[in-house]
Protein chains: 2
Amino acid sequence: MRRRQIAEAMWRVTVARSLEGTSMRHVAAEAGVSVGMMQHYFRTKDEMLLFALDSMTEQVSRRIGERFAELADPDDPKHQVRAALVETLPLDEERRLEAFVGCAFLTRAAVDTRFADYLRDGHRQGHAYLVEQINRGGRPCDAAEEAHVLLALVNGFTLGVLAGQCTAQQALAAVEARLDALFGP
Amino acid sequence: MRRRQIAEAMWRVTVARSLEGTSMRHVAAEAGVSVGMMQHYFRTKDEMLLFALDSMTEQVSRRIGERFAELADPDDPKHQVRAALVETLPLDEERRLEAFVGCAFLTRAAVDTRFADYLRDGHRQGHAYLVEQINRGGRPCDAAEEAHVLLALVNGFTLGVLAGQCTAQQALAAVEARLDALFGP
DNA sequence: ACTGTTCCAATACGTCTGTATCGTACTGAA
DNA sequence: TTCAGTACGATACAGACGTATTGGAACAGT
């Protein structure tokens, strides 16, 4: 699919030049296509950006589903949550790219309500899922608040790792420590 | 000071239009001055951006110092840390503006090493300060790791509040819960 | 009074942006 | 074979961008 090919080029350009440096011409050059072709598949730049974001969240959630299927006990809440959260941390080069693009869109969301709405939806779903799992297998606590803490922790550490302020291993250790506190060791 | 006046205009423009929308002409219009005058005080745009960032971090740390002076027990580590962290959360409109501008620069740092170096320095100082306070008044723990957790928590919740994913009160409650866990209630 | 410097406004220049437009292959149906 | 529609490439266009240039007040030093 051409749209997907363009979206992946957009990710790479965003990593190299950040969102503000991501122009139509740069994406087209990175994808090895003409600007005219991009206009054929995306009527406007925003349409392309939103597709690139959507395409990426889809890729991440598909991968999380794969991890779920690989679990020894697919119904264990702690291992499910662990698999889901770890899959979003920038632990290798591929996930680092995804995290970077995600952060770029997140800051964009602070200004542009269209992106904010999209990300808010995703956040809500993630939060609801975490609440469900915490209630199912966690120690007694305020599941809604703990879910927010988990998400903030993952986002904060992702940012920290990307900015070179701490290592991915530190992030992983902190998230796992929090999971131990929630679900038991 | 003219430079300060321009910097404050730059903050407002960044909040309204994000960093990519922050042009010389817009900042000049917001500050009520001519582009030529801005060029007189800042030879290039990057010079202006770096001054605006520096000026803002200075403002925040000055305000943190004021909070320290207002503490009943200025030497209590927990209340000091609490004051410092709370002062960076987007709890009111002024701090929301600062947090917003900080996030904008954070994405810039992903591409431009000058901004990355500046922010990394600030993070290192904040981390060192937290480690010191945790060691001084906290329960026995890995102070370095706990400091990273605190910073990630503040950053993650700041982002979440700005993107409309959770409320400032939730962020505050989570940070205070973490402080209770670290220092005792 | 002359001169140099600082402060600032106006404007011009070249580049980059998103997008509109035009032209041209190719495809499948009638 | 004709024709409509799709899938592009090439180019044009208007505007915004950062910055260089120019020129003129205001002021200081001599």
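Quick note on labels: first sequence line is chain A, next is B, and so on, each numbered from 1. Keep in mind that what you see is a predicted model, and the values were worked out from it rather than measured.
Legend: residues meeting side-chain contact (heavy atoms from CB on, under 4.5 Å) with B:S61, ordered by chain and number and at least two apart, are absent. Residues passing the side-chain hydrogen bond (donor to acceptor under 3.5 Å, both in side chains) test with B:D117, sequence neighbours excluded: B:R120. Looking at residues two or more places apart in sequence or on another chain, you find a side-chain contact (heavy atoms from CB on, under 4.5 Å) between B:R67 and B:R63, B:E70, B:A83, B:E87. With sequence neighbours left out, B:D121 forms a side-chain hydrogen bond (donor to acceptor under 3.5 Å, both in side chains) with no residue at all. For B:A147, the side-chain contact (heavy atoms from CB on, under 4.5 Å) partners are B:H127, B:L130, B:V131, B:I134, not counting sequence neighbours. Considering only residues two or more places apart in sequence or on other chains, B:H79 meets the side-chain contact (heavy atoms from CB on, under 4.5 Å) condition with B:L71, B:D76. For the salt bridge (Lys or Arg N to Asp or Glu O under 4.0 Å) test, no residue two or more places apart in sequence or in another chain qualifies with A:R96.
Judged purely by atom type and a 3.5 angstrom limit, B:Q80 has no side-chain atom pairing as donor or acceptor with the backbone of B:D75.
Straight-line distance from the CD atom of B:Q39 to the C1' atom of D:dA20: 8 Å, rounded to whole Å. If you measure from atom NZ of B:K45 to atom P of D:dT19, you get 8 Å, rounded to the nearest angstrom.
Remark on the helix from C:dA1-D:dT30 to C:dA30-D:dT1: inter-end axis angle 10°, axes from five-pair C1' superpositions, rounded to 10°.
Here side-chain hydrogen bond (donor to acceptor under 3.5 Å, both in side chains) pairs that include residues 30-46 of chain B, with residues two or more places apart or in two chains, are B:R12-B:E30, B:D46-B:R108. Within the structure, the salt bridge (Lys or Arg N to Asp or Glu O under 4.0 Å) test picks out the following pairs touching residues 141-150 of chain A (sequence neighbours left out): A:E146-A:R178.
A nucleotide of DNA chain C counts as in contact with chain A when one of its atoms lies under 4.0 Å from a heavy atom; the first and last such, 5' to 3', are C:dT17 to C:dA20.
In the region residues 16-38 of chain A, proximity to DNA chain D at under 4.0 angstrom, judged on heavy atoms, holds for A:S34, A:G36, A:M37.
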